[in-house]
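Excluded from the calculations below are hydrogen atoms, water molecules and symmetry mates; all remaining heavy atoms, backbone and side chain alike, are included. One is the number of the first residue; the rest follow in order along the sequence.
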Amino acid sequence: MIRKFLKWTRRVLLGYLIYLIVTGLLPFAGSPDVDDAFKERFSTDQFYSDTVGVDRAAVIDDSVDALNLRIQMVSQAKERIILSSFSLKRDLSCKEIFSTVLEAADRGVNVQILVDGLSGWMDMKNDPMYYVLGTHPNIEIRYYNMINFLEPWTANGRLHDKFLIVDDTCLILGGRNTSNYFLGNYNTKVLSYDRDIFVYNTKTGTDKTKSSSISDTISYFESLWDCKYSETVFNKVPSGKKGKVKASEEELRSIYQTMLMERPELLSEVNYYNITIETNKITLITNPTHIWTKQPYIWYTLVELMKEADERVYVQTPYMVLNRDMYADLTEIADSVPQFDILLNSIAGGDNVMASSDYRFNRKKVLAIGANFHEFQGSHSMHNKSLVIDDDLAIIGSFNFDMRSVYLDTEVMMVVNGEAFTKSLENEFFRMEQESLPVYADGTYGTNGDVTPLTISPAKAIFYRITSIVFQLFRFIL
């Protein structure tokens with residue numbers, strides 16, 4: 001009897017494994033190009049303007065500034081708060097933000113929170129704080145593409161966007177998820193370096209407010225919020241959690257009162273004009289919003305902009321996982337642009353096991369592109385996703401130079417035309433370059449002052465040696 005049961009169990013597991021591979025992996029193995037219709041309506045001219053636009057902006061690199069600005073934005077909300085994030089956690093930075101969100105909702109502000117369904121299911125489901133929020137009459141939380149293990153294809157097509165919008169006045173967008181790992185300095189042992197763009201609409205409340213990139217981002221958010229893949233969660237408290245939810249609400253309100261007493265500047269009015277720089281134009285670019293293999297809208301746009309560079313292109317990306325088309329595009333840019341620099345994490349410094357493993361396997365091929373490569377050797381992993389093109393175009397967002405960002409996930413990037421803003425981003429690039437080492441085509445390091453290469457532990461080196469080979473079987477989802 002036991003033998004028959006074990007034999008049946010093995011068959012079921014084998015059948016599910018085959019089903020998982022056929023429906024969860026194979027549909028995403030392709031690498032489509034953008035269609036002719038997209039190419040025909042595309043023009044790089046749309047990203048430039050000769051006059052000053054309605055949007056001012058600032059580069060936000062410091063993690064404390066990034067947390068404080070989010071709290072300040074929420075505290076000033078009058079009508080609407082929009083938060084879209086790949087990941088929300090349960091730590092202090094989250095609690096500080098959401099204590100301010102709860103206070104805003106109490107004032108009548110409408111709050112919409114959209115989270116990736118897979119990361120939300122893993123990180124949020126047991127936290128009573130999200131029931132406090134989700135059951136508030138002015139707050140709604142939705143998951144995008146909630147994973148269903150009977151439908152393995154739902155494991156892909158993740159929501160990778162990260163942005164916060166308050167009214168039609170201000171927006172912060174970039175690579176930061178909502179947690180201590182990216183915000184504040186509450187856990188500096190595991191802090192990740194990252195970057196946001198803050199956008200301030202100077203024409204809010206006027207007939208020119210629709211000219212702001214914030215308006216386009218709101219429209220993009222609403223297309224995700226209302227799509228068939230998004231569903232409401234945390235709107236009903238399970239009977240066994242009511243006590244914990246009540247205690248969580250009291251904790252949030254206590255955190256808000258503590259901030260009000262100890263850091264009142266975070267909850268008072270902010271002059272956004274004074275902390276931003278004028279720009280000529282800011283344009284949102286996005287990927288398609290369905291959960292299947294996507295046409296590479298953002299990649300195509302970035303490549304076309306880079307190809308038109310007269311003097312230089314500088315890219316910062318945490319890692320590079322490239323297919324044949326991506327290699328060809330970057331090689332063409334390296335051959336045609338006088339100066340092409342790329343800064344990414346070293347294998348030892350990266351915090352993404354799959355991407356670092358792939359880089360170990362393909363490093364020489366990546367370096368053969370012909371760009372000037374730099375590997376970051378700082379005390380924390382680098383999570384920045386940014387580009388500088390010549391002296392007047394700067395791009396910041398959630399998009400990595402990997403196949404998942406190109407073909408699988410929702411992504412957002414802000415393209416900023418403006419010399420002053422581009423210079424401010426360039427300064428941050430050069431600051432990080434001071435903690436990096438140049439890498440030659442043969443994989444050896446050059447020198448940069450007293451910067452030394454990060455080392456990898458023997459156990460991790462053996463692990464990467466194995467995973468770097470295994471992951472090649474399904475690297476298109478890395």
*Centroid-to-centroid, Phe28 to Tyr407, below 6.0 Å?*
no
*asked:* Once rounded to the nearest 0.5 Å, what's the spacing between atom CD1 of Ile396 and atom CG of Leu173?
replied: 9.0 Å
*asked:* Between Lys39 and Asp33 (salt bridge meaning N to carboxylate O under 4.0 Å), is one present in this structure?
replied: yes
*Which heavy atom of Ser436 sits nearest a heavy atom of Leu343, and at what distance?*
OG-CD1, 3.3 Å
*Output, in order, the C-alpha distance, side-chain angles, deciding distance and verdict of side-chain contact (heavy atoms from CB on, under 4.5 Å) for Glu231 and Tyr144.*
CA-CA 7 Å; Glu231 53 186 297; Tyr144 171 86; over 6 Å; no
_Phe401 ring center within less than 6.0 Å of Trp299 ring center_ = yes
*For Phe98 and Tyr130, run side-chain contact (heavy atoms from CB on, under 4.5 Å): C-alpha distance rounded to whole Å, both residues' side-chain angles, the deciding distance at 0.1 Å, then the answer.*
CA-CA 9 Å; Phe98 288 126; Tyr130 294 108; 3.8 Å; yes
_Ring centres under 6.0 Å, that's the criterion: do Tyr359 and Tyr319 meet it?_
no
*What closest approach, in Å, do Met306 and Val315 show between heavy atoms, and which atom pair accounts for it?*
SD-CG2, 4.1 Å
_Measuring from atom CD of Gln257 to atom CE of Met259, what distance do you get when rounded to the nearest 0.5 angstrom?_
9.5 Å
*Please work out which of the three classes, parallel, tilted or perpendicular, describes the rings of Phe163 and Tyr220, given edges at 30° and 60°.*
tilted
_Side-chain touch Met129/Glu249, heavy atoms, less than 4.5 angstrom_ = no
*Below 4.0 angstrom, N of the basic side chain to O of the carboxylate: do Glu426 and Arg312 qualify?*
yes
*Applying side-chain contact (heavy atoms from CB on, under 4.5 Å), run through Gln377 and Ser346 and close with a yes or a no.*
CA-CA 7 Å; Gln377 310 294 332; Ser346 66; 3.9 Å; yes
*Would you indicate whether Lys307, at its atom NZ, is surrounded by more than 12 heavy atoms from other residues, nucleotides or ligands within a distance under 6.0 Å?*
yes
*Does the pair Glu103 and Arg107 meet the rule for a salt bridge (Lys or Arg N to Asp or Glu O under 4.0 Å), with working shown?*
CA-CA 7 Å; Glu103 190 277 336; Arg107 290 189 279 107; 3.0 Å; yes
*If you measure from CZ on Arg475 to OG on Ser357, what distance do you get to the nearest 0.5 Å?*
11.5 Å
*If you measure from NZ on Lys162 to OG on Ser85, what distance do you get to the nearest 0.5 Å?*
7.5 Å
_Below 30° counts as parallel, above 60° as perpendicular, anything between as tilted: where do the rings of Phe430 and Tyr314 land?_
tilted
*On the 0 to 90° scale, with breaks at 30° and 60°, tag the Phe42-Phe47 ring pair as parallel, tilted or perpendicular.*
tilted
*For the residue pair Phe182 and His383, categorise the inter-ring angle as parallel (less than 30°), tilted (30 to 60°) or perpendicular (more than 60°).*
tilted
*How are the rings of Tyr272 and Tyr200 set relative to one another: parallel (under 30°), tilted (30 to 60°) or perpendicular (over 60°)?*
tilted
*salt bridge (Lys or Arg N to Asp or Glu O under 4.0 Å) assessment of Glu222 paired with Arg80*: CA-CA 13 Å; Glu222 289 173 344; Arg80 187 181 189 187; 3.0 Å; yes
*Sub-4.5 Å side-chain heavy-atom contact between Met326 and Val303*: no
*Between Phe471 and Leu478, does a side-chain contact (heavy atoms from CB on, under 4.5 Å) hold up when you go through it step by step?*
CA-CA 8 Å; Phe471 289 163; Leu478 299 185; 4.1 Å; yes
*Check ion pair Lys78-Asp167 (N to O, under 4.0 angstrom)*: no
*Do the non-hydrogen side-chain atoms of Phe221 and Leu114 ever get within less than 4.5 Å of each other?*
yes
*asked:* Using the rule given for salt bridge (Lys or Arg N to Asp or Glu O under 4.0 Å), can you reason through Asp61 versus Arg176, listing the C-alpha separation, both sets of side-chain angles and the distance that settles it, and then say yes or no?
replied: CA-CA 10 Å; Asp61 261 42; Arg176 287 184 170 97; 5.9 Å; no
_NZ (Lys246) with more than 12 external heavy atoms under 6.0 Å_ = no
*asked:* Whether the side chain of Asp55 engages the backbone of Ser213 through a donor-acceptor N/O pair (distance < 3.5 Å, no angle test) should be reported.
replied: yes
*Given Val74, which of Leu266, Ile81, Leu83 fulfils the side-chain contact (heavy atoms from CB on, under 4.5 Å) condition?*
Ile81
*Given Tyr193 and Phe376, is the ring-ring contact (aromatic ring centres under 6.0 Å, His included) satisfied, shown in steps?*
CA-CA 11 Å; Tyr193 295 118; Phe376 187 61; 5.7 Å; yes
*Side-chain donor/acceptor of Thr209 to backbone N/O of Thr206, under 3.5 Å*: no
*Should Asp65 and Arg70 count as an ion pair when the cut-off is N to O under 4.0 Å?*
no
*Would you say Thr154 and Glu151 make side-chain contact, with heavy atoms under 4.5 Å?*
yes
